[in-house]
Every structure is written in C-alpha cells, then in structure tokens.
Amino acid sequence: MASFLESAEPLIISPGMIADPFSDGENMRVRVGVMTDGEWVWQLAWADYVALHRIAPPQDFLDHVKELDFTAPEIPVDRLMEIIEALGLPLE
C-alpha cells in the first residue's frame, strides 16, 4: 500500500518535511506532497503513515487500490490539469 501511495502521480512535492503527527519523537518527519491516481487525491504523508505506523487508509480507498491491483495508472495530462484546477493548486 505504501508503495502505491508514493508511486502515484505527484501534483505538488516539497523538498521539506513536517512533524509526524503520529509520533512522539521530535525527529520523526513525514514527506510533504499531494498525489493522485486520477480518481483519488491524498497527501504523500499517507505513504509514511502506512509504512511507519501501519495506519490504514479508508476502506473505500483500499478497495479502489485493490481494483487497480496496487498499480498506480498512467494519467492523461488533461485529467491532471482538471484535478489541479479543481483543487486550486498553483501551476507554477
């Protein structure tokens, strides 16, 4: 699951990291980014939550990923642009 979450199409990626909300450790950090498989959109940190803490995404998302055989699909550029516009993400 973590591999799927981090291998999908990035909409925004930051070189920085933020504090891990599921850890008491001051040095525990998670990645910052927004990912999509063309249908769902999620924070890249979810890959870290799954890998580090075994926290599962919502069941509807798990079912969706199983239907894709845990393989993130190729997404046409026009679909990516639709998602970016719908989310109000910057293009530059």
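Taking the ring-ring contact (aromatic ring centres under 6.0 Å, His included) definition, one finds that W46 meets it with Y49, sequence neighbours left out. Judged as a side-chain contact (heavy atoms from CB on, under 4.5 Å), and not counting sequence neighbours, the contacts of A51 are A2. Among residues two or more places apart in sequence or in another chain, the side-chain contact (heavy atoms from CB on, under 4.5 Å) test is passed with L11 by V34, T36, V41, L80, I83, I84, L87, L89. Not counting sequence neighbours, E39 has no partner by the salt bridge (charged side-chain N to carboxylate O under 4.0 Å, His left out) test.
Using a 4.5 Å cut-off on side-chain heavy atoms (C-beta onward), V32 and Q43 make no contact. Between P73 and E9 the shortest side-chain heavy-atom distance does not fall below 4.5 Å. Looking at F22 and V30, their side chains never come closer than 4.5 Å, going by heavy atoms from C-beta outward.
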Please report, to 0.1 Å, the donor-acceptor pairs under 3.5 Å made by any side chain of residues 63-70, with sequence neighbours excluded.
unit_1	atom_1	unit_2	atom_2	d
D63	OD1	Q59	NE2	2.8
H64	NE2	D37	OD2	2.4

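Between L52 atom CG and M28 atom CE the span is 5.0 Å, to the nearest 0.5 Å.
Considering all non-hydrogen atoms of both residues, L5 and V50 come closest at CD1-CG2, 3.6 Å. When every heavy atom of I75 is checked against every heavy atom of G38, the shortest pair comes out as CD1-N, 3.3 Å. Residues P10 and M35 share a closest heavy-atom pair of CA-SD, 3.6 Å. What you find for A8 and W42 is that their closest heavy atoms are CB-CZ2, 3.4 Å.
Listed by first and then second residue, the salt bridge (charged side-chain N to carboxylate O under 4.0 Å, His left out) pairs that reach into residues 74-84 are R79-E82, sequence neighbours excluded. Among residue pairs with one or both ends in residues 14-32, those qualifying as salt bridge (charged side-chain N to carboxylate O under 4.0 Å, His left out) are E6-R31, R31-D48; sequence neighbours excluded.
I13 and M81 end up in different hydrophobic clusters when Ile, Leu, Val, Met, Phe, Trp and Tyr side chains are linked at under 4.5 Å.
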